[in-house]
Amino acid sequence: MDRKEGKANPDFIQVLMRSGSADKWTGTPKPKEQPKHPRIALGDWMTDAQQGGGPLLARVIANRVWRFHFGRGIVATPNDLGTQGTPPTHPELLEHLAANLVSGGWKLKPLHREIMLSAAYMQTGVTNEANQKLDPENQLLWHRPASRLEAEAIRDALLLVGGKLDPVMHGPSITDVASPRRSVYLRVKRSELVPFLTMFDAPEPTQSIGDRGSTTVPTQALAVMNSPFVRDMATRFASRVKAATAEETIARAFQLAFCRSPSAAETGRLTEYLNAQRQLGAKSPETELCLALLSLNEFIYVD
Amino acid sequence: MLPSSILPTRRRFLAQSGLGFGSLALASMLQDEARAAAEANPLALRPSLFAPKAKSVIWLFMTGAPSQVDTWDYKPELQKRHGQPLPGSDAKTGFFTTSGKILKSPFEWKQHGKSGSWVSGIFPHLSRHVDKMAFIHSMHLQANNHAPASMELMCGSNQPGRPAAGAWLTYGLGAENQNLPAYVVMHERRPRGDDQIWSAGFLPKTFQALALDARRGGVIDNLDRSVSQTASQQRSTLDLLRDLNQQHAQSRSPQTDLAARINSFELAYRMQTAAPEAMDIASESDATKKLYGVDNKTCEVFAKQCLTARRLVERGVRFVQIFAGKNAGGDGAVDDVPWDGHSNIETNHRSCGAATDQPAAALLEDLEARGLLDETLVIWGGEFGRTSDSQGSVGRDHNPNGFTIWMAGGGVKGGVHHGATDEFGYRAVENKVHVNDLHATLLHLMGLDHERLTYRHNGRDYRLTDLGGKVITEILA
């Protein structure tokens with residue numbers, strides 16, 4: 001800081017440029033004309049797929065979208081596509097997605113569509129020993145491992161099943177965490193994070209976190225077992241599904257929580273559970289049942 | 001499941017250490033077995049790198065910043081030259097502006113113990129323990145306001161987003177007791193810097209501190225069963241969860257996180273019993289409670305926190321931090337920065353001393369009596385020091401250029417004084433100790449090498465000590 005040597009002009013990373021001069025993006029202002037804002041120049045350079053940083057930007061975005069769908073990027077280190085990161089498992093695929101992103105005018109929806117219509121995306125979670133031996137880390141995406149919902153989606157899913165989620169789009173962010181609005185509208189206050197979200201790995205907002213963690217700790221289990229919020233959702237959930245017979249109640253609850261019908265064995269075990277809860281003096285065995293369903297791995301892990 | 005970056009594959013690790021700083025990643029320190037355990041449970045106990053001197057840390061954080069020249073750093077020049085200009089004074093040192101005129105310490109100073117350590121009159125109890133303490137008189141840091149300085153002291157940097165020392169320790173060593181959180185902080189008011197001073201930063205959130213608020217009785221969130229549920233009802237629910245979760249896992253590829261989540265419910269169930277037991281200070285003897293000052297209104301809150309801290313480390317909690325102090329008011333400080341004696345250092349430090357002295361001394365005495373002091377490192381200090389010249393007529397402003405922190409117990413010498421400030425106590429001048437050095441020493445005492453405890457984040461290996469840090473060997477026992 002004590003070795004100033006005149007004005008530093010905006011410039012770009014040389015290794016990401018086909019031509020050596022930054023003028024193409026920063027422009028050379030005519031006399032009396034306002035110079036181009038450096039941030040606009042930076043944006044122009046970043047999205048210039050011919051001469052500027054565009055090719056890397058496209059790969060980074062395609063990789064992030066892929067990671068969002070598969071839980072792991074084609075490059076497993078989404079914030080580092082350089083030599084310090086991991087090499088791509090499928091470099092040609094990444095190039096293909098990146099090239100389509102650029103030629104399609106940087107639109108994200110076609111990228112999502114292409115990924116979601118792929119055979120890789122449609123693999124089941126079923127595994128077999130032969131494949132397990134050949135590719136234990138599933139680098140070739142031969143099956144779909146269960147992955148945990150993100151913190152925001154867990155909160156939203158609880159509100160949804162409780163019949164309380166406010167699906168309205170847009171509008172200002174809100175500070176009240178008890179609000180039924182979707183988690184995406186909760187205000188991020190750097191110094192005071194939402195405990196329920198932080199607990200489920202909502203990241204530090206002051207850092208760029210490319211690969212969000214997915215930890216499993218007892219405080220999460222405590223929140224599911226004992227927090228007034230989850231119990232409130234279970235109570236509301238129970239009032240939505242309570243029917244004349246145990247079978248009917250269980251069937252409705254499964255539809256709402258898991259979008260499927262229970263197996264005969266599951267219905268049997270849960271009927272037994274309802275009776276046990278009744279005998280143990282539960283005020284509402286159905287609420288306990290609903291709380292149990294919200295606690296199951298199946299509720300927060302998707303295949 | 002841990003993010004892949006916490007436990008890199010051997011190939012990736014080798015490639016990176018070749019290109020990176022040449023430091024070893026955590027994974028390399030782990031035996032395969034421990035590594036597998038860490039994948040299933042990030043809090044599994046991990047072996048330290050070399051024999052640790054301490055197993056636990058209790059950090060008594062004197063929130064608001066005590067004045068070094070009114071506590072442990074005796075400067076007779078201030079008494080002699082009271083009211084005269086302070087040579088080299090910089091009015092911009094603090095947060096406000098200072099007068100440039102020397103303010104003497106209003107307290108009575110005496111030498112104590114075999115070491116003859118000078119202590120101001122605000123610590124009649126702690127002064128009996130000076131021969132257990134290793135004083136570092138030459139602490140200094142960059143930030144001159146509470147929130148960034150607290151971040152710097154806890155995380156090694158005043159930029160938000162870095163993991164705190166307690167998170168690093170838990171990441172490096174895991175938890176001794178699986179039924180209790182490994183990293184606990186206690187406070188009465190939320191200290192400046194909020195979550196950022198006990199954050200896991202870019203480390204997995206598992207290593208985040210559990211914060212206990214004294215105003216709410218210091219309880220752990222969601223620990224209590226709902227009133228509408230009995231223990232046997234909950235047990236029956238857990239049995240159901242185990243059955244259905246196992247069935248769910250069977251039809252899928254073996255996944256450590258599905259199994260881990262089944263276990264986490266059992267752990268949580270046990271925590272409901274283990275945690276209240278650990279924090280039940282009512283079960284302590286009357287003599288112990290009296291020793292800490294639980295019966296003394298002036299220091300009741302801190303007494304309860306210190307006693308809880310002892311119970312927690314006794315049960316294997318790794319890192320306990322108490323944000324402490326209480327001021328009588330009207331002396332320039334506010335509730336969340338009690339030691340902040342901007343307008344009257346005398347009344348402020350007398351009341352803060354009275355609120356913390358007896359419990360802190362009792363903690364040292366009690367740990368020693370139970371044979372725990374050898375394996376528990378106790379740290380006392382604030383986020384910075386205060387100016388040697390006055391703010392207004394009898395207050396002192398913030399001063400990050402020189403302040404005192406002491407450590408006692410686990411692996412440090414007693415009755416030693418390391419480093420020094422100038423003759424006015426204004427700036428650290430001799431054997432200056434940076435926050436990185438303090439952290440390097442802390443990790444060393446816990447059996448970790450600060451250069452090898454790394455975490456890969458955004459393309460580089462991060463350390464608690466960043467690129468600095470030197471273990472203060474002079475104070476090691």
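Residue numbers begin at 1 in each chain, while the letters A, B, ... track the order of the sequences. Values reported hereafter were calculated over all heavy atoms of this structure, with side chains retained and with hydrogens, waters and symmetry mates removed.
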Which portion of B:Ser236 sits near chain A, non-hydrogen atoms under 4.5 angstrom: both
So which part of B:Asp239 gets closer than 4.5 Å to some heavy atom of chain A, the side chain, the backbone, both or neither? both
What part of B:Asp224 lies closer than 4.5 angstrom to a heavy atom of chain A: side chain, backbone, both or neither? backbone
Report which part of B:Glu266 has an atom under 4.5 Å of a heavy atom belonging to chain A: side chain, backbone, both, or neither. neither
Is B:Gln229 close to chain A through its backbone or its side chain, or both, or neither, when contacts mean heavy atoms under 4.5 Å? side chain
Region of B:Gln233 in contact with chain A, defined by heavy-atom distances below 4.5 Å: both
Non-hydrogen atoms of chain B under 4.5 Å away: do they reach the side chain of A:Pro145, the backbone, both or neither? both
Heavy-atom contact with chain B under 4.5 Å, split by part of A:Ile300: side chain
Under 4.5 Å from any heavy atom of chain B, what part of A:Val230 do you find: side chain, backbone, both or neither? neither
Using every non-hydrogen atom in the two residues, find where B:Ala268 and A:Leu222 come nearest and quote the distance to one decimal. O-CD2, 3.6 Å
Is a donor from one side chain sitting under 3.5 angstrom from an acceptor on the other, for A:Thr216 and B:Arg261? no
Is it true that atom CZ of A:Phe258 has more than 12 heavy atoms of other residues, nucleotides or ligands lying nearer than 6.0 Å? yes
Within a radius of less than 6.0 Å around CD of B:Gln142, do more than 12 heavy atoms belonging to other residues, nucleotides or ligands occur? no
Checking B:Asn245 side chain against A:Asn297 main chain: does a donor-acceptor pair fall under 3.5 Å? yes
Whatever's closer than 4.5 Å to a heavy atom in chain A on B:Arg270 counts as neither
Going by distance alone, is a donor N or O of one side chain under 3.5 Å from an acceptor N or O of the other, for B:Gln272 and A:Asn226? yes
